[in-house]
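Have a look at the structure below, then the notes.
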Amino acid sequence: QTIASARTVVIVRDPIHALDSLKRSRALRKEKHLSWPQFSLCVAEMQAMVARIQECPQDRIHWIRYEDLVSNAHGTMKALAAWIGIEFEDCLLQPTMLSQEWPGISSFKSTAGIEALPAGRTVQSLDSFDLDYVDAHLNEFRKHFGYA
């Protein structure tokens with residue numbers, strides 16, 4: 001059973017950069033390393049996400065590319081507010097988590113709030129095998145979200 005008025009917002013990121021960041025953050029924490037089996041499970045989860053999104057009523061799902069959010073936070077959040085049906089307010093541009101200010105996070109370089117820097121950085125943790133695997137198995141994901 002579904003709730004007729006329910007809607008979903010999905011934020012996606014280029015899978016190459018998302019996996020690169022995940023691999024780096026796990027290495028920095030020295031826990032849950034992104035081993036080959038874990039890497040392939042992450043790729044499978046991204047594939048499954050596309051399938052789930054394609055099954056949803058398209059008028060009830062709004063997807064946002066991370067790269068668009070950080071490069072044009074105002075425009076992206078204004079469009080999202082309109083889609084949800086709320087008035088846009090500047091507080092929507094203030095990143096928070098559990099009502100606390102969110103200073104930003106990056107596995108590669110400190111960030112402050114909303115910054116486009118992580119979206120444009122070069123891949124640093126994935127090797128050529130990882131990149132070839134992503135290219136071979138996430139082609140549909142990348143096309144669906146405009147990363148082709």
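Because only heavy atoms are used, hydrogens play no part in the values below, and waters and symmetry mates are left out as well, while side chains stay in. This chain uses plain numbering: 1 for the first residue, then up along the sequence.
Residues forming a side chain to side chain contact (heavy atoms under 4.5 Å, CB included) with Ala51 (at least two apart in sequence, or on another chain): none. Residues satisfying the ring pair (Phe, Tyr, Trp, His ring centres under 6.0 Å) test with Trp83, not counting sequence neighbours, are His62. A search for side chain to side chain contact (heavy atoms under 4.5 Å, CB included) contacts involving Asp130 returns Lys23, Trp36, Phe39, Leu126, Asp127, not counting sequence neighbours. With sequence neighbours excluded, no residue satisfies ring pair (Phe, Tyr, Trp, His ring centres under 6.0 Å) with His33. Among residues two or more places apart in sequence or in another chain, the side chain to side chain contact (heavy atoms under 4.5 Å, CB included) test is passed with Glu140 by Val50, Gln54. Residues meeting the side chain to side chain contact (heavy atoms under 4.5 Å, CB included) test with Leu41, sequence neighbours left out: Gln38. Every residue two or more places apart in sequence or in another chain was checked for a ring pair (Phe, Tyr, Trp, His ring centres under 6.0 Å) with Tyr147, and none qualifies.
Counting only distance, with no hydrogens or angles, the side chain of Gln47 and the backbone of His137 share a donor-acceptor pair below 3.5 Å. Of the possible donor and acceptor atoms, none in the side chain of Arg142 sits under 3.5 Å from a partner among the backbone N and O of Pro15. A donor-acceptor pair under 3.5 Å is absent between the side-chain atoms of Thr76 and the main chain of Ala73, judged by distance alone. Listed for the Ser40 side chain is a donor-acceptor partner under 3.5 Å among the backbone atoms of Pro37. Side chain of Asp20 to backbone of Val123: no donor-acceptor contact under 3.5 angstrom is found.
The line from SG of Cys56 to CZ of Arg7 is 14.0 Å long, rounded to the nearest 0.5 Å. One distance of note links CD1 of Ile53 with OG1 of Thr8; it measures 9.0 Å at 0.5 Å rounding. If you take CG on Asp68 and CD1 on Ile11, they are separated by 11.0 Å, rounding to the nearest 0.5 Å. Annotation: the span from Ile16 atom CD1 to Leu138 atom CG amounts to 8.5 Å, rounded to 0.5 Å.
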| said: Please determine whether side-chain contact (heavy atoms from CB on, under 4.5 Å) holds for the pair Val134 and Asp132, giving the CA-CA distance in whole Å, both sets of side-chain angles, and the decisive distance to 0.1 Å. | reply: CA-CA 6 Å; Val134 169; Asp132 289 344; over 6 Å; no

| task | I would like to know whether Met46 and Leu19 meet side-chain contact (heavy atoms from CB on, under 4.5 Å); could you show each step before the answer? | result | CA-CA 10 Å; Met46 288 178 176; Leu19 290 164; 4.0 Å; yes

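Ring-centre distance between His17 and Tyr66: not below the 6.0 Å cut-off.
Here the closest non-hydrogen pair linking Arg65 and Gly146 is NH1-O, 2.8 Å. Between Phe141 and Arg13, the shortest heavy-atom contact is CE2-O, 3.7 Å. The shortest heavy-atom contact between Ser125 and Arg24 is OG-CB, 3.4 Å.
Residue pairs satisfying the salt bridge (charged side-chain N to carboxylate O under 4.0 Å, His left out) criterion with at least one member in residues 44-58, sequence neighbours excluded, are absent. Sorted by first and then second residue, the salt bridge (charged side-chain N to carboxylate O under 4.0 Å, His left out) pairs involving residues 73-93 (not counting sequence neighbours) form an empty list.
Between Gln58 and Trp63, the closest side-chain pair of non-hydrogen atoms is not below 4.5 Å. Side chains of Ile64 and Val12 form no contact here, defined as non-hydrogen atoms less than 4.5 Å apart.
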